[in-house]
Amino acid sequence: MNNRSIGVFDSGLGGLTAVKQIMKELPNENIIYFGDTGRVPYGTRSRDTILKYTRGDIRFLKTFDVKMIVIACGTASSAALPAIKDEFDIPIVGVIDAAVYAAVRSTKNKKIGVIGTQGTIKSGEYEKQIKAYDSEMQVFNRACPMFVPLVENGYFDSPVTKLLVEEYLEEIRSAGVDTLILGCTHYPLLAKTISEYMGDGVTLINPGAEVAKYLKKKLAGETAHSGKTDKTQYHYYVSDDIAGFEQLGGIFLEREINGQVTKIDIEKY
Ligand code: DGL
């Protein structure tokens with residue numbers, strides 16, 4: 001048994017879509033979440049800045065003696081993780097591998113759409129990994145930079161969200177994909193609007209849900225699954241306003257998180 005917490009981070013609120021699924025799949029695991037709300041978004045930043053932020057986020061979570069770190073951010077997972085994974089003496093899991101694994105199993109026509117931040121799409125990581133499974137796969141990529149601010153402000157299915165979904169996804173829909181990777185952990189909050197536009201024939205892949213399934217298998221295999229029987233503990237840390245995070249985070253997680261959020265100075269790490 002290993003009762004140490006799982007550390008999870010994202011640039012902001014989006015990673016809570018992964019946390020929600022981890023809570024569901026692994027209800028006994030303690031979780032420490034860091035949302036870098038003072039520096040969101042990561043997706044429009046240079047690779048060097050994403051690397052710097054990712055290293056700092058990992059160093060911060062490591063101060064809690066966590067047993068592993070989940071990068072619940074598509075941007076940091078694709079633009080930073082391949083370069084930094086060997087710098088730390090702790091298992092670090094990103095969201096790309098699990099999402100790709102699910103997508104290549106889902107597609108029948110070998111046409112997969114990938115949407116994400118500019119950083120994620122520019123890294124080419126999703127396409128590289130999909131083609132490593134099967135070089136005949138056709139991948140249609142699109143960066144959707146306006147989606148993160150929409151989600152961070154709670155615009156999940158407003159008219160402006162619908163307009164932007166149409167603007168960003170038109171080409172991918174016309175290409176006839178049957179599977180679409182929501183390659184940024186903020187995007188599952190827009191899943192309803194995206195799915196209505198893409199149609200019933202298109203399977204949406206939620207990276208947070210896929211990484212949670214992966215963790216369930218991984219922790220069972222290593223008998224590291226927490227054996228706690230008393231109440232599981234969740235702690236949340238942010239680098240900016242607590243009240244906004246408590247309010248929207250509570251909606252994301254569908255659970256009350258008031259009083260469980262602490263503000264920290266991430267620049268120190
Ligand atoms: N949730 C993030 C991702 O998965 C980050 C979005 C951003 O900070 O730009 O890419």
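Treat the numbers as computed from the prediction; the structure is a model and nothing was measured.
- Atom CD1 of residue I31 and atom NE2 of residue H235 lie 11.0 Å apart, to the nearest 0.5 angstrom.
- Pairing each heavy atom of T107 with each of K111, the nearest pair is OG1-N, 3.4 Å.
- Note that CD1 of I6 is 10.5 Å distant from CD1 of I32, once rounded to the nearest 0.5 Å.
- A donor-acceptor pair shorter than 3.5 Å can be found between the side chains of T117 and T75.
- Distance check, rounded to the nearest 0.5 Å: CD1 of I71 to CG of L81 gives 4.5 Å.
- One N or O on the side chain of T185 and one on the backbone of A72 form a donor-acceptor pair closer than 3.5 Å.
- There is no side-chain donor-acceptor pair under 3.5 Å between D48 and Y53.
- The same ILVMFWY cluster, assembled from side-chain heavy atoms under 4.5 Å apart, contains both I84 and I90.
- With hydrogens and angles disregarded, a donor-acceptor distance shorter than 3.5 Å links the side chain of R47 to the backbone of A79.
- Side-chain contact between V148 and T44 is absent, with no heavy-atom pair separated by less than 4.5 Å.
- Counting non-hydrogen atoms of neighbouring residues, nucleotides and ligands closer than 6.0 angstrom, the CD atom of E196 exceeds 12 such neighbours.
- Two different hydrophobic clusters hold I50 and I121 under the rule that ILVMFWY side chains link at heavy-atom gaps under 4.5 Å.
- In this structure, Y236 contributes its side chain and E246 its backbone to no donor-acceptor pair below 3.5 Å.
- Here E166 does not pair with K162 in a salt bridge; the nearest charged N to carboxylate O distance is not below 4.0 Å.
- Scanning both residues, G116 and C184, for their nearest heavy atoms gives CA-CB, 4.3 Å.
- Salt bridge absent: R105 and E210 never bring a charged side-chain N and a carboxylate O closer than 4.0 Å.
- Within the 3.5 Å criterion, the main-chain N or O of E136 finds no donor-acceptor partner in the side chain of K131.
- Crowding of F64 atom CZ: a count of heavy atoms from other residues, nucleotides or ligands under 6.0 Å exceeding 12.
- Checking each of Y33, F60, Y269, F34 against Y237 for a ring-ring contact (aromatic ring centres under 6.0 Å, His included) leaves exactly one that passes, namely F60.
- Of the possible donor and acceptor atoms, one in the side chain of T37 sits under 3.5 Å from a partner among the backbone N and O of D240.
- The hydrophobic cluster containing L13 also contains L189, counting ILVMFWY residues as joined when their side-chain heavy atoms lie under 4.5 angstrom apart, directly or transitively.
- We find that K52 and D57 are not joined by a salt bridge, their nearest charged nitrogen and carboxylate oxygen being 4.0 Å or further apart.
- Of the possible polar contacts, none joining the D157 side chain to the T193 backbone as a donor-acceptor pair under 3.5 Å is found.
- Atom CG in L204 sits 9.0 Å away from atom OG1 in T179 (nearest 0.5 Å).
- Using a 4.0 Å cut-off between charged side-chain N and carboxylate O, R55 and E87 make a salt bridge.
- Side-chain contact check for E25 versus L215: every heavy-atom pair is 4.5 Å or farther apart.
- Between E125 and K128 there is a salt bridge, with a side-chain nitrogen of the basic residue lying less than 4.0 Å from a carboxylate oxygen of the acidic one.
- More than 12 heavy atoms of other residues, nucleotides or ligands lie within 6.0 Å of CG in D134, so this atom counts as buried by the packing criterion.
- In Y101, the OH atom is not crowded: 12 or fewer heavy atoms of neighbouring residues, nucleotides or ligands sit closer than 6.0 Å.
- Side-chain N or O atoms of R173 include one that pairs as donor or acceptor with a backbone N or O of Y197 at under 3.5 Å.
- The CD1 atom of I205 lies 12.0 Å from the CD1 atom of I115; values are rounded to the nearest 0.5 Å.
- No side-chain heavy atom of L164 sits under 4.5 Å from any side-chain heavy atom of T161.
- With hydrogens and angles disregarded, a donor-acceptor distance shorter than 3.5 Å links the side chain of T232 to the backbone of P27.
- S123 and T120 share no donor-acceptor pair across their side chains, judged by distance under 3.5 Å alone.
- Using a 4.5 Å cut-off between side-chain heavy atoms of Ile, Leu, Val, Met, Phe, Trp and Tyr, with links allowed through other members, F245 and L253 fall into the same hydrophobic cluster.
- In this model, a donor atom of one side chain and an acceptor atom of the other lie less than 3.5 Å apart for E152 and H186.
- Looking only at atom types and distance, the side chain of S239 has a donor-acceptor partner in the side chain of D36 under 3.5 Å away.
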Subject >> Audit row: I112, M137, side-chain contact (heavy atoms from CB on, under 4.5 Å) steps and yes/no >> reply: CA-CA 7 Å; I112 298 176; M137 294 275 179; 3.9 Å; yes

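- Across I96 and S78, no two heavy atoms sit closer than the pair CD1-CB, 3.8 Å.
- The CG atom of L182 sits 9.0 Å away from atom OH of Y187, with the distance rounded to the nearest 0.5 Å.
- With respect to the salt-bridge test (charged N to carboxylate O, under 4.0 angstrom), the residues R4 and E29 do not qualify.
- A continuous path of Ile, Leu, Val, Met, Phe, Trp and Tyr side chains, each step under 4.5 Å between heavy atoms, connects L26 with Y214, placing both in one hydrophobic cluster.
- Between K62 and D89 there is a salt bridge, since at least one side-chain N of the basic residue sits less than 4.0 Å from a carboxylate O of the acidic one.
- S174 places a side-chain N or O within donor-acceptor distance of the main-chain N or O of E170, the cut-off being under 3.5 Å.
- Looking only at distances, a side-chain donor or acceptor of D265 sits under 3.5 Å from a matching main-chain atom of E267.
- Using a 4.5 Å cut-off on side-chain heavy atoms (C-beta onward), S5 and Y234 make no contact.
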